[in-house]
Amino acid sequence: MAGSREAGVRELDRATVERIAAGEVITRPARVVAELVENALDAGAERIDVEVDGDGTDRIRVADDGCGMNREDAALAVEPHTTSKIRDAGDLAAADTLGFRGEALASVADAGTLELTTNADDDEIGTRVRVADGETAVADAGRARGTTVEVTELFADRPARRESLASPAREFGRVSELLADYALARPDVAFSLTHDGRETLRTPGTGTTDALVAIYDRETAGHATAFDHRADLETGAGSEPMVGWELRAEGALVAPAVTRSTRDHVHLAVNGRPVANEALRRAVASGYGTLVPSGREPVAVVRLSLPAETVDANVHPAKERVALRDGNTVADAVETGVRDALTTADLRRSGEVAMDLDSSLAPVEGAESDFADATVIGQFRDLYVLCEADDDLVVIDQHAAHERVNFERLRAALADEAVPSADLDPAATVSLDPGAAAGVEEHADALRDLGFAFEPFGGNTYRVAAVPAPLGRVADADALGETAASLARGEADPREAALADLACHPSLKAGDALDRETATRLVERLGECEQPYACPHGRPTTLTVEEATLASGFERPTRR
Ligand code: ADP
Ligand code: MG
């Protein structure tokens with residue numbers, strides 16, 4: 001913490017050192033990165049730039065804009081068991097910093113060559129501390145406030161360590177996953193990662209959604225719902241008095257359209273530190289319940305804040321695992337928080353379930369269907385519904401048909417009204433191609449009438465604060481670009497064009513298996529549309545194969 005700098009770096013006493021989980025901290029390059037990133041976060045950094053060459057043994061460099069160190073502290077910081085974060089064993093339990101053992105810099109310096117350049121005050125000259133082959137040299141250095149640590153020749157004199165490393169791609173992969181975890185644990189901090197001179201990750205430090213865009217993609221981030229859950233918990237066992245405390249679980253839950261096949265997309269953090277904790281991961285997955293199909297895993301960011309006394313980070317030398325007092329109570333609270341968040345109206349609106357099949361295929365009173373006499377006889381490639389109608393075979397494109405049904409429902413519901421809009425919180429950032437960006441500029445007023453609220457955010461990037469939400473169905477932020485593009489193409493009625501795009505989003509996709517009953521309802525609703533034979537974008541919804549065509553193909557006489 002920035003504040004703890006004032007106390008300065010000092011050496012811990014023996015008794016405290018002995019209480020600290022022992023073990024080799026620096027086992028691979030990713031551990032160096034983790035320790036340096038944690039130091040930068042403890043220093044209150046707002047941006048942290050990480051560079052890695054090769055597998056990391058060649059060079060690792062971590063630069064931050066945190067509080068920096070004065071010369072005296074910098075020279076002491078590289079010595080074993082020196083820290084500014086705790087004074088003695090009594091402080092261990094309540095340490096609210098990521099570091100507290102005072103051994104990371106010394107261990108790194110021991111495993112390689114370490115050069116630390118730092119400055120605590122822009123008006124003063126900075127300090128360079130270089131530790132190589134056990135020798136420490138201190139010199140003047142020019143540097144703005146903050147700290148840069150560069151580690152070279154890691155494990156140069158430890159052949160066994162070197163041997164145990166995986167391929168450069170795998171070792172860098174670990175660094176990359178680790179940095180993604182920190183970026184999601186601390187979305188308020190801007191992170192960048194550069195490998196062999198090429199930037200591979202950059203988060204802007206503007207919140208979870210933007211971090212998800214950088215780490216995953218726009219689609220994943222677009223399906224994320226922010227959540228913030230608080231629970232009053234009580235702990236105390238046996239004769240201990242019960243103590244009440246507050247648990248806060250917040251972050252983003254991606255649902256329900258985006259899932260993954262592996263379990264490592266539940267990003268957990270406890271008090272700002274990414275952690276692996278199987279019980280908590282399971283709690284998050286249980287909270288999703290059936291929103292995630294079996295065999296699939298959710299993408300989620302869950303950050304817990306709990307009193308430092310209830311967390312023991314000191315169980316693992318690298319602090320990758322933490323012990324939670326009352327782990328079960330915490331896990332239950334997390335599961336409830338996730339479940340509640342996923343069942344609120346908000347998610348149903350931003351997920352792909354609102355204009356679901358059930359509501360969009362509900363019968364329309366008194367309507368007459370063009371396909372009243374059609375009987376569904378099957379589905380082909382989960383894409384086409386096959387029907388028998390009179391003497392013909394009617395093939396219906398289920399996606400196009402559902403778009404048409406949704407489109408006419410939207411149009412009817414919004415006949416004389418402004419399109420309702422929904423605020424995006426937090427606002428989404430979208431970057432558009434130049435054509436779409438030009439469309440946004442040109443048709444800004446029309447887009448605002450359609451329910452978008454947005455502002456330029458530099459270049460072709462826009463910050464989208466509200467989107468159209470017809471029938472309680474919230475458009476993706478990306479709809480801004482799509483709608484602007486259709487306006488730019490000069491589609492006859494911009495409003496219709498926008499509704500057509502919105503109707504498309506929740507529609508059945510190719511590959512959705514339909515049961516017979518659902519397919520029947522789809523065909524009935526399509527038949528009731530004003531224009532059942534084309535989707536809102538003008539593509540056909542149905543093809544009719546006359547019996548005569550089949551008969552002639554099979555060289556049969558036509559039934560008459
Ligand atoms: P610990 O983090 O457990 O205290 P370290 O060996 O990692 O131990 O760091 C020793 C001390 O050096 C820290 O307590 C802190 O005062 C100082 N320090 C290390 N890295 C930074 C940094 N990036 N910015 C400011 N101070 C730092
Ligand atoms: Mg540290």
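In listed order, ligands and their atoms are each counted from 1.
- Applying the 4.0 Å criterion to heavy atoms of E103 picks out, from ligand 1, the atoms 6 (O), 8 (O).
- Every atom of ligand 1 with a heavy atom of T83 under 4.0 Å away is listed here by number and element: 1 (P), 4 (O), 14 (O).
- In summary, N39 places an N/O/S atom under 2.8 Å from the Mg ion (ligand 2), meeting the contact criterion.
- Side chains of R161 and L154 form no contact here, defined as non-hydrogen atoms less than 4.5 Å apart.
- Interface of A77 with ligand 1, defined as ligand atoms under 4.0 Å from a residue heavy atom, comprises 10 (C), 11 (C), 12 (O).
- The number of heavy atoms from other shown groups lying within 6.0 Å of CD (E246) is above 12.
- Against a heavy-atom cut-off of under 4.0 Å, T82 is close to the following atoms of ligand 1: 10 (C).
- Comparing P80, G102, G44 by heavy-atom distance to atom 3 (O) of ligand 1, the nearest is G102.
- Around atom CD of E51, more than 12 heavy atoms belonging to other residues, nucleotides or ligands sit under 6.0 Å away.
- Atom numbering of ligand 1 starts at 1 in the shown order; those under 4.0 Å from a heavy atom of A43 are 24 (N), 25 (C).
- By the 3.5 Å distance cut-off applied to N or O atoms, G68 is not counted among the residues near ligand 1.
- Per-residue contacts place D64 under 4.0 angstrom from the following atoms of ligand 1 (heavy atoms of the residue considered): 22 (C), 23 (N).
- For the pair D210/T203, no side-chain contact is recorded, criterion being any heavy-atom separation below 4.5 Å from C-beta on.
- Residue-level proximity to ligand 1 for E35 is absent, since no heavy atom of it falls below 4.0 angstrom.
- Applying side-chain contact (heavy atoms from CB on, under 4.5 Å) to T83 and the options V9, L12, T97 leaves one that passes, L12.
- Contact annotation for V9 and ligand 1: only side-chain heavy atoms (C-beta onward) come within less than 4.0 Å of the ligand.
- Residue-level proximity to ligand 1 for L36 is absent, since no heavy atom of it falls below 4.0 angstrom.
- Contact annotation: for T147 versus ligand 1, heavy atoms closer than 4.0 Å belong to the side chain alone.
- Counting heavy atoms from C-beta on, the side chains of R248 and L304 never come closer than 4.5 Å.
- Taking a cutoff of 4.0 Å between a charged side-chain nitrogen and a carboxylate oxygen, D64 and R145 do not qualify as a salt bridge.
- Geometric assessment of R162 against the ring of F155 yields a negative cation-pi assignment under the 6.0 Å and 45° thresholds.
- With a heavy-atom cut-off of 4.0 Å, A104 touches ligand 1 through backbone and side chain alike.
- Taking 4.5 Å as the limit, every side-chain heavy atom of D55 sits out of range of all side-chain heavy atoms of F172.
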